[in-house]
Undergrad: 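Right, I'll just put the structure down here and ask away after.
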Amino acid sequence: MNSYIKPGDNPLLTEERKKCQFSTDILAAFYHENAQKIKRRHEIYQYYLENKELHDPEPTEFMDRYHRLENAERKVSLLKKHVKKAGSPLGLHYTMMIPTILNNADDEQKAEWLPKAQNLEFIGTYAQTELGHGTNLRFLETTATYDPKTQEFILNSPTTSAAKWWPGNLGKSSNRIIVVARLISNGKDYGPHSFFVPIRDPITHKSLPGVTVGDIGPKFGIPTVDNGFLLLNNVRIPRRNMFMKNAKLNPDGTYISPKHAKLAYGTMVYVRAVMIRTMSHMLGLASTISIRYSAIRKQGEIEAGKGEVKVLEYQTQQYRLLPQVARAWAFEFAGRYTRKLYAQFLGGDVDVLPALHGVSSGLKAVVTHQTAQGIEQCRMACGGHGYSEASGLPQLFATAVAGCTYEGENMVMLLQSARQLVKIASDVRKNQKPTKQNPVTDYLYKTSAATKCKIDQTTDPDPSSVIEAFEHVARRLTFAAFDKLEQLKQRGISAENAWVQCGVDLRRAATAHTRTFIARQFSNGILEMRDLPVQAVLKDLLQLYLFYEVLECDGDLLYDGYVIGQQIEYSKNNVYEALRRLRPNAVSIVDSFDFNDRELNSVLGRRDGNVYENMLEWAKSSPLNKHDVMPFHHKYLGKMMEDARQQSKL
Ligand SMILES: CC(C)(COP(=O)(O)OP(=O)(O)OC[C@H]1O[C@@H](n2cnc3c(N)ncnc32)[C@H](O)[C@@H]1OP(=O)(O)O)[C@@H](O)C(=O)NCCC(=O)NCCSC(=O)/C=C/CC(=O)O
Ligand SMILES: Cc1cc2nc3c(=O)[nH]c(=O)nc-3n(C[C@H](O)[C@H](O)[C@H](O)COP(=O)(O)OP(=O)(O)OC[C@H]3O[C@@H](n4cnc5c(N)ncnc54)[C@H](O)[C@@H]3O)c2cc1C
């Protein structure tokens, strides 16, 4: 039932796959939403295998940034002929430039810019963050001052701290970009708005007059992306280069406000909503690599004389890795909800924006943080080889952890989520009912169904008892933070300062609320699966997820006696039981993520499991190994040892 077996695979991996008790094809199609997408994935991979020009000339880990960027641009220009989506030099073009045109351009602008953007006639990015401001958008400094005489905007970076800083692909790749600048017209400052700004000549690619642009230098990771800086010195653009779907500016400079003050922030909400799936995939990649490797890595005897065992046999190894698989599934289901909500917003339902902002803010923070933690856990569970770039895990971590910062720094995002919780707590305290149904927050208007949790020792625990427990904790933390805010204000502290003094409590409430949301989406998501063997695997993954999360927040559950210690013991046993049940299918479950060797980019996680011979090949291909003796050896270490020998003879 495992369709990933092939001749020549490592027999240790084949024996795992032969134990498979479900259809990997059905589970893979469920994860990627349908069998057609799996078929398309396999077609693209097969095309890649057949076209050597698309392959890297050497492992990219051995390349410096210059050659990584050149190699990426080379492959992207080739891929352009064949697939819609392309790699990192176009990352921001697809994830932010095109969505901004879709979200913020009026019909005339869309008709002019969208076909060219989709046809890659230009490359764009989203330049909002400045050297001096990333979170606090209200204080962005770049200005766009309207000149009614020429019907142009004059874009300017008034200070060094106004330099745009960080935008992906800004440094060297992009030539037409979105600049977020303060709209100033008839002497009035209307705050940040988006503008379509050419920064490089479309033919020569040279930076245009008044534009200073470049790469910001090496980063913690993502070396192939040219994150850049940009300074604008009185650069003029036509009035119609202001995105005008929401806010508008008439030729005489009069301003027309948008239907919702935050529609301009729609691109960020879009990326936060869709990046959840990207994080699920990253955690799926890491768990695929580490579980396949753990199934071929033998280390230590459990019983003397009986031979070394696969490290996946150790319960501790299962406890480190299988929850990451469960979380990858949980995040996929949670992401489906936010993408649906975003589609509703893009379809014209502006009223859904506050709910979408609330759920996507908290979800983005929790999911990016747990994804980064999970990848690091997978890396550490692979021992020394996990620390090698051959594993693909260090660079995967460095890429994923950036998500904790970009698209809204996580702490700030959790506090945004808390704003929504506090407003609801205030309504509840005033006995006000919800103005409209919101499945994400309705539980806050209810009191705990029971004063005691129903978690007990059974072989088939009921997810609702755990979700009710999570709701109980999120409710308690939300109202505790709200009551503390009110007490501080009653003592004469301003609302703003009270908010700051409750920041940590608010963050805890938002995290608990988001945990509840994810658990509910996972529990609801698996109900669609009708194939019984696959459903059984998903139920085991759900059980693992839910009770692993119970153990993560056991203090909050025990705090007011809602749960007793015995129930925490039951929860531990439910985790161990889920691990036991999942172990035989572990390799087949990660096979079902359907990540190919190009996506995995990992010697440890190769589908065929032939790790050691390929590890040696990988190491031998290091540029250092082109020399038996390094050309500079005798100039330094060799001379040093020779001098020491001579010295010792004296
Ligand atoms: C932190 C933010 C949200 C603060 O914005 P501000 O205007 O100061 O709003 P307030 O906190 O005062 O809240 C006012 C009001 O507005 C609501 N709101 C805020 N943002 C949104 C939104 N996006 N959609 C809908 N509603 C929103 C908020 O809930 C309040 O409503 P109330 O009813 O409670 O009053 C803001 O400064 C912000 O978003 N900062 C983060 C900046 C950010 O995310 N930057 C990302 C840049 S792009 C990037 O990083 C790209 C990465 C590359 C890649 O993705 O690959
Ligand atoms: C890899 C990467 C790619 C990026 N790509 C882009 C891009 O394409 N386009 C773009 O415009 N930007 C991009 N960014 C920038 C990114 O959006 C910002 O770094 C992010 O919004 C955080 O802003 P900041 O760096 O100024 O940090 P700051 O806002 O200075 O935050 C610093 C610290 O202060 C805390 N803090 C700030 N405000 C508050 C508050 N109100 N309450 C509590 N704590 C607070 C934060 O939580 C954080 O811990 C990218 C960043 C990275 C790392």
Side-chain angles (χ1 to χ4, degrees), residues 88 90-97 99-100 103 124-140 142 161 163-171 173-174 177-181 191-192 194 216 219-230 246 258 260-275 278-279 341-342 345 350-362 364-365 368 398-424 426 495-496 499-504 506-507:
S88 46
L90 300 179
L92 272 294
H93 185 78
Y94 283 110
T95 59
M96 299 201 86
M97 167 56 87
T100 300
N103 183 42
T125 185
Y126 180 85
Q128 172 178 286
T129 301
E130 295 174 353
L131 194 56
H133 289 90
T135 293
N136 189 10
L137 300 185
R138 290 173 192 260
F139 278 56
L140 288 177
T142 304
S161 58
K164 292 301 178 186
W165 199 278
W166 274 111
N169 308 137
L170 174 61
S173 312
S174 298
I177 70 170
I178 293 146
V179 172
V180 177
S194 299
I216 62 171
K219 311 177 288 286
F220 182 74
I222 322 180
T224 311
V225 173
D226 50 318
N227 298 81
F229 65 82
L230 170 74
N246 302 311
H260 186 294
K262 299 301 175 184
L263 282 172
Y265 291 1
T267 302
M268 291 181 282
V269 174
Y270 163 75
V271 181
R272 292 168 193 155
V274 300
M275 71 191 278
T278 309
M279 290 294 148
L341 214 49
Y342 183 78
F345 162 66
V350 174
D351 293 343
V352 81
L353 187 58
L356 177 59
H357 174 56
V359 69
S360 60
S361 300
K364 180 264 180 198
T368 53
T399 302
V401 76
C404 296
T405 304
Y406 65 59
E407 292 308 343
E409 205 284 327
N410 278 359
M411 195 55 69
V412 171
M413 291 296 102
L414 285 168
L415 292 171
Q416 282 295 305
S417 169
R419 283 185 78 108
Q420 191 182 39
L421 302 181
V422 163
K423 276 198 294 186
I424 291 170
S426 173
E496 293 77 8
W499 181 266
V500 169
Q501 290 178 35
C502 294
V504 176
L506 291 162
R507 190 272 308 162

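Order of appearance sets the numbers: ligands from 1, and atoms from 1 within every ligand.
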Undergrad: Geometry only, no angles: is Gly168 polar-contacting ligand 2 at N/O separations under 3.5 Å?
TA: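 Such a contact does occur with ligand 2.
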Undergrad: Where the closest heavy atom to atom 30 (C) of ligand 1 is concerned, which of Gln420, Met275, Met268, Arg419 has it?
TA: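 That would be Arg419.
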Undergrad: Is there a polar contact between ligand 2 and Tyr406, counting only N or O atoms under 3.5 Å apart?
TA: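 The answer is no, given that Tyr406 and ligand 2 share no N or O pair closer than 3.5 Å.
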Undergrad: Does an N or O anywhere in Thr135 fall below 3.5 Å from an N or O of ligand 2?
TA: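 Yes; the residue has a nitrogen or oxygen that sits under 3.5 Å from a nitrogen or oxygen of the ligand.
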Undergrad: Taking only heavy atoms of Lys423 into account, list the atoms of ligand 1 that are under 4.0 Å away from them.
TA: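 It comes down to these atoms of ligand 1: 32 (P), 33 (O), 34 (O).
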Undergrad: Hey, which atoms in ligand 2 end up nearer than 4.0 Å to a heavy atom of Gln128?
TA: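 Per the distance check, 11 (O).
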Undergrad: Decide whether an N or O pair under 3.5 Å exists between His133 and ligand 2.
TA: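 No; the residue has no nitrogen or oxygen that sits under 3.5 Å from a nitrogen or oxygen of the ligand.
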Undergrad: Should one rank Gln416, Glu407, His357 by closest heavy-atom distance to atom 49 (C) of ligand 1, which comes out on top?
TA: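 Result: the heavy atom closest to atom 49 (C) of ligand 1 is in Glu407.
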Undergrad: Which is closest to atom 40 (C) of ligand 2 in terms of heavy atoms, Val412, Leu92, Leu506?
TA: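 That would be Val412.
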Undergrad: Under 4.0 Å, heavy atoms only, figure out whether ligand 2 is touched by the backbone of Val500, its side chain, both or neither.
TA: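 Neither part.
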Undergrad: Answer yes or no: does an N/O atom from Asn136 fall short of 3.5 Å to an N/O atom of ligand 2?
TA: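 No; the residue has no nitrogen or oxygen that sits under 3.5 Å from a nitrogen or oxygen of the ligand.
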Undergrad: If the cut-off is 4.0 Å to any non-hydrogen atom of Val412, which atoms of ligand 1 fall inside it?
TA: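 Going through ligand 1 atom by atom, the ones under 4.0 Å from Val412 are 1 (C).
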Undergrad: If we count only non-hydrogen protein atoms and require a distance under 4.0 Å, does atom 34 (O) of ligand 2 qualify as touching the protein?
TA: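 Protein heavy atom within 4.0 Å of atom 34 (O) of ligand 2: absent.
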Undergrad: Parallel under 30°, tilted from 30 to 60°, perpendicular over 60°: which one fits the rings of Phe229 and Trp165?
TA: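 Answer is parallel, since the angle falls under 30°.
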Undergrad: Of Lys262, Lys364, Met96, Arg272, which has the heavy atom at the shortest distance from atom 39 (O) of ligand 1?
TA: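 It is Arg272 whose heavy atom sits nearest to atom 39 (O) of ligand 1.
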Undergrad: Search all heavy atoms of Leu356 against all heavy atoms of Phe345 and return the closest pair with its distance.
TA: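 Heavy atoms of Leu356 and Phe345 come nearest at CD2-CB, 4.1 Å.
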Undergrad: Taking distance alone, with no angle check, do Thr125 and ligand 2 share an N/O pair under 3.5 Å?
TA: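 In this structure, Thr125 places no N or O atom under 3.5 Å from an N or O of ligand 2.
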Undergrad: Heavy-atom contacts under 4.0 Å between Asn227 and ligand 2: side chain, backbone, both, or neither?
TA: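 Side chain only.
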Undergrad: Is atom 12 (N) of ligand 2 touching the protein, meaning some protein heavy atom lies under 4.0 Å away?
TA: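 So atom 12 (N) of ligand 2 has protein heavy-atom neighbours under 4.0 Å.
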Undergrad: Just go through Trp499, Trp166, Phe220 and tell me whose heavy atom is the nearest to atom 52 (C) of ligand 2.
TA: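 Residue with the shortest heavy-atom distance to the ligand atom: Trp166.
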Undergrad: Has Lys364 got a side-chain atom pairing as donor or acceptor with Gly403's backbone, closer than 3.5 angstrom?
TA: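 Flag set: sc Lys364 to bb Gly403 pair under 3.5 Å.
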